[in-house]
Protein chains: 2
Amino acid sequence: MLDKQQVRTQQSDEYIIAVGEDPSSEIQKVVAVYPGPKAFFFVDSNVMKLQAKLVDQITALYEEPLVYKVPAGEASKSVEQWSEMVSFCLSHHPHRNVPVFAIGGGVTGDLAGFVASTVLRGLPLIHIPTTLLAIVDSSIGGKTGINHEAGKNLVGSFYQPKAVIAPLKALQTLSDQEFICGFGEILKYGAIADPDILTILSTKDLSELRENVSLLGSIVQRSIKVKTDVVIRDTQESNLRMILNYGHTFAHAIEKQMGYGKISHGQAVYIGMIAAGILSKELGATIKEELIEQHFGSMMISDIEIDITPDQLLNAMQSDKKRSSTGLRFVVLKQYGRPYVEQIDDTALIEQVWSSTLTRIEELKMQPV
Amino acid sequence: MLDKQQVRTQQSDEYIIAVGEDPSSEIQKVVAVYPGPKAFFFVDSNVMKLQAKLVDQITALYEEPLVYKVPAGEASKSVEQWSEMVSFCLSHHPHRNVPVFAIGGGVTGDLAGFVASTVLRGLPLIHIPTTLLAIVDSSIGGKTGINHEAGKNLVGSFYQPKAVIAPLKALQTLSDQEFICGFGEILKYGAIADPDILTILSTKDLSELRENVSLLGSIVQRSIKVKTDVVIRDTQESNLRMILNYGHTFAHAIEKQMGYGKISHGQAVYIGMIAAGILSKELGATIKEELIEQHFGSMMISDIEIDITPDQLLNAMQSDKKRSSTGLRFVVLKQYGRPYVEQIDDTALIEQVWSSTLTRIEELKMQPV
C-alpha cells in the first residue's frame with residue numbers, strides 16, 4: 001500500500017521599486033501599509049554618520065523606531081552578526097507585521113534581508129539602498145545572505161522585499177570607489193540586455209554621470225529594468241538568471257586569486273567583462289570592445305598591480321562554487337544584448353583568454369587617459 | 001522626480017506526499033531526480049538506533065551518503081546546532097542540486113528543513129517523517145524553524161519540500177507518548193474539517209488504530225488532506241491557516257504555564273480542544289463534546305497534575321506570540337467541520353472558559369476508563 005497526494009503551492013510577490021531624489025512620499029506609503037508603532041531599522045554605520053538627516057527623516061515616520069547600527073564592511077555578513085540582529089528583533093517581541101528597513105549598501109541589505117526572512121519566518125522587508133551598486137543590483141531580486149568560512153554568500157535565502165526605495169541624493173556622499181562598483185554593473189546590464197546604456201555612456205564620462213542626477217536616474221532605471229526583467233522570469237536562479245553573471249565567473253577568479261580587498265568587486269567585474277568579451281569574440285561574436293574598454297580610466301584600475309598568471313586564474317575558476325558538476329559554464333555574447341550560456345571543457349581556451357585579458361589590461365594601462 | 005517600476009514574482013512548488021508501509025519505490029523516484037552522487041541525511045539519533053535498517057536502506061541509494069546524526073530532543077533546535085549542520089553541508093562543497101533528507105520527527109524536520117532552506121539559499125528538501133505527529137503535521141506545510149530564548153520556533157523560514165515520504169512501519173517503534181502526540185492532531189483535523197475522522201474513531205480505541213495499519217493509513221491520509229487543503233490555499237500563514245491552530249492558543253498557555261516537559265504537545269492540544277469546544281459552545285455552537293472527550297483515557301492525561309489557575313493561564317495567553325496587536329483571537333467552531341476565527345476582548349469570558357475546562361478535566365479523570 002502506498003497512497004499519494006499531490007500538493008501544489010503558489011506564491012506571488014509584488015513590489016514597487018522607486019528611484020528618486022526624495023523618497024519620502026514612497027516611504028509614507030509603506031508606513032500606511034505597516035503602520036507600526038514599531039519598526040526595525042538596520043542602518044549601515046557609515047550611512048548613520050554621513051546621511052544622518054535621511055535616516056532621521058525615515059525613522060521619524062514611526063512612533064517606536066528600533067534602530068540598530070550595522071558595522072560597515074563585509075565582515076558583518078557573519079552568522080554571529082545575523083544571530084545578534086535576530087535576537088535584537090526578538091527582544092522587542094514583534095508581531096509578524098513589524099517591518100524591517102535595510103538602510104545601506106549590499107552588506108546591510110543582504111544581512112538585514114536574511115534577518116527579516118528568518119525572524120518569525122519572515123517580517124516585511126523594505127530596502128533603502130544607499131549605494132549605486134545596491135540600487136542597481138543587490139537590492140533587487142530577493143537574494144539575502146551571509147558569508148561562511150567556505151565562501152561568500154553561501155548561507156541565505158530567497159526572500160522578496162515589499163518595496164525598494166532608492167534615494168538618489170544618498171549617492172552624493174559615496175566615494176569614487178563605491179561609485180565605480182555600481183558603474184561596473186551598469187556597464188554589464190548594457191552589455192547583456194540594453195546596448196543603449198553603452199551608447200549613452202559612450203559620450204559621457206563618470207563624473208558627468210555623478211553630477212547629472214536626471215541622467216543618472218534614467219541610467220539607473222534602465223539598469224533596474226534589465227535586472228527585474230530577468231529575475232521576474234527566474235526567481236530561484238535556475239537558468240535565465242545566469243546571464244546576470246556576465247563577467248562574474250572571471251571576476252570571482254580575480255577576486256579569489258588577488259585576495260579580497262586588493263581589488264573592488266566592481267573593478268573585478270569590469271576586468272571580467274573584458275575577458276568575457278574576448279571569449280565571446282573567440283566564439284564568433286561581433287562586438288565593439290571599445291564601448292566597454294573606453295571606461296578603463298574611470299574604473300581606476302591603472303594603479304592596481306595584477307601579478308597573477310593565467311594558470312592560477314584557471315585553477316581559481318575550477319574551484320568556484322558556480323561551476324556545474326561537469327565543466328565550466330560561461331555567459332558569453334553573440335552581440336551586445338544577446339547573451340547565451342556556454343559550457344567550455346577546453347581549459348586551454350580559457351587559459352588563453354586569461355592571457356589575452358592580462359595583456360589587454362597592460363595595454364589599456366599605457367593609453368593616455 | 002520619482003520613477004517607479006512594479007515587479008511581480010511568482011513561485012509555485014509541487015510535491016508528492018506518499019504514505020505507506022514501504023516507501024522504497026517513492027524514494028527511488030526522488031533519487032532519479034536528484035541522482036547525487038552526494039546526498040545529505042540528517043537523521044534523528046533515536047531513529048538511527050531504532051530504525052537502523054530503514055536508514056541503511058535509504059542512504060544506500062546514494063553513492064556518497066553524507067550522514068549526520070541529530071541529537072534527539074527539542075534542545076537540538078538551536079542556532080548553534082543549525083550553524084553546525086550548515087557547516088557540515090558546506091564542508092562537502094555541495095552544488096545546488098544535492099538533496100537534503102530529514103529523517104526523524106518534528107525536531108529533525110524543522111531543523112534540517114531550516115538548514116536546507118539556508119545553505120546556498122536552498123537545497124532540495126525531502127522529508128521522511130518517522131513519528132505520527134511529523135507525518136500528519138510538521139512535515140507538511142513548509143514551515144521550518146529553530147527555537148530562541150524568547151520562544152519556540154521564532155527563527156525559521158517558509159520552505160516547501162520536494163517530497164514527503166512517510167514510512168508507516170517506522171511508527172511501530174514509537175512510544176505511546178509519541179503516538180498520542182500525533183493522535184491529538186488527528187482529532188483536531190476531525191474537529192475543524194473532517195468530522196468523519198471523529199466518527200470513525202468513535203468506535204476504535206487507540207491500540208486498535210496502532211495495530212491496524214490499513215486503518216491507520218486511511219486516517220493519516222484524511223488528516224494530511226485536511227492540512228494540505230489549508231496550506232495550499234495559504235502558504236504564508238496569513239488567515240485561513242489559522243484554523244489549524246484550533247485548540248493551540250489554549251494549548252500554548254498550558255505548555256508555557258506548566259513548563260515544557262511536564263505535558264506533551266499532543267496532550268496540551270487535546271486539553272486545548274476541550275477548552276476550544278467549551279468556548280465554541282459559549283458562542284453558540286452545537287457540537288457533541290463526547291467525540292473528543294471519549295479519548296481522554298487514551299491521551300494519558302489522568303496522571304498529570306494540572307495545578308494552575310485560570311488567571312495564570314489567561315496571563316500566559318496574553319504574552320503568547322500569536323496574539324494580534326489588538327486582542328486575543330481564537331479558532332472556534334460553529335459545528336465540527338465549520339471553524340471560524342473570533343477576536344475576544346472579554347477576558348472574563350476566557351478566564352471562565354479556563355475555569356470550566358479545568359473542572360471538566362477533573363471530572364474526566366474520575367470517570368472509569
Side-chain angles (χ1 to χ4, degrees), chain A residues 1-23 25-26 79 83 86-87 90-91 93 95 97 117-122 140 142-145 148 150-151 154-158 160 213-214 217 221 224-225 228 231-232 235-237 321 323-325, chain B residues 1-23 25-26 79 83 86-87 90-91 93 95 97 117-122 140 142-145 148 150-151 154-158 160 213-214 217 221 224-225 228 231-232 235-237 321 323-325:
Chain A
M1 182 203 68
L2 192 71
D3 282 320
K4 290 197 270 182
Q5 294 183 37
Q6 179 133 6
V7 181
R8 186 157 200 270
T9 61
Q10 232 172 350
Q11 190 194 329
S12 71
D13 296 284
E14 231 176 73
Y15 61 98
I16 291 286
I17 302 174
V19 177
E21 281 192 77
D22 181 0
S25 68
E26 211 53 42
V79 169
S83 175
V86 165
S87 291
L90 290 174
S91 72
H93 305 288
H95 57 81
N97 246 3
S117 78
T118 51
V119 170
L120 304 185
R121 299 197 186 93
I140 302 161
K143 280 188 183 182
T144 79
H148 186 272
L154 296 184
V155 181
S157 58
F158 285 102
Q160 301 297 335
V213 179
S214 137
Q221 280 290 351
I224 291 174
K225 180 133 187 19
T228 53
V231 296
I232 285 168
T235 320
Q236 303 286 308
E237 194 168 53
K321 84 173 161 119
R323 71 190 184 285
S324 77
S325 42
Chain B
M1 182 202 67
L2 191 71
D3 282 320
K4 289 196 272 182
Q5 295 182 35
Q6 179 134 5
V7 181
R8 183 156 202 270
T9 62
Q10 228 167 358
Q11 190 195 328
S12 70
D13 296 285
E14 230 175 76
Y15 61 100
I16 291 286
I17 302 173
V19 177
E21 279 192 76
D22 182 0
S25 68
E26 211 53 41
V79 169
S83 175
V86 165
S87 291
L90 291 173
S91 72
H93 304 288
H95 57 81
N97 246 2
S117 78
T118 51
V119 170
L120 303 184
R121 300 197 186 92
I140 303 160
K143 281 188 183 182
T144 79
H148 186 273
L154 296 185
V155 181
S157 58
F158 284 102
Q160 300 297 334
V213 178
S214 138
Q221 281 290 353
I224 290 174
K225 181 132 188 13
T228 53
V231 296
I232 286 167
T235 320
Q236 302 288 308
E237 194 167 54
K321 83 173 161 117
R323 71 190 182 285
S324 78
S325 43

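Values reported hereafter were calculated over all heavy atoms of this structure, with side chains retained and with hydrogens, waters and symmetry mates removed. A note on names: the letters A, B, ... follow the listed sequences, proteins ahead of strands, and every chain is numbered from 1. Fair warning: this is a prediction, and the values are worked out from it, not measured in the lab.
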For A:S157, give me all partners under side-chain contact (heavy atoms from CB on, under 4.5 Å), at least two apart in sequence or on another chain. A:F114, A:S117, A:T144, A:Y159

Looking at A:S91, A:A150, A:S87, A:G145, which has the largest count of heavy-atom pairs under 4.5 Å with chain B? A:S87

Tell me, for B:V155 versus chain A, whether the close heavy atoms (under 4.5 Å) come from the side chain, the backbone, both or neither. both

Are A:L120 and B:L154 packed together at the side-chain level, in the sense that at least one heavy-atom pair is separated by less than 4.5 angstrom? yes

Relative to chain A, which segment of B:I140 carries a heavy atom at a distance below 4.5 Å: side chain, backbone, both, or neither? neither

Going by side-chain hydrogen bond (donor to acceptor under 3.5 Å, both in side chains), name the residues that satisfy it together with A:S83, two or more places apart in sequence or in a different chain. none

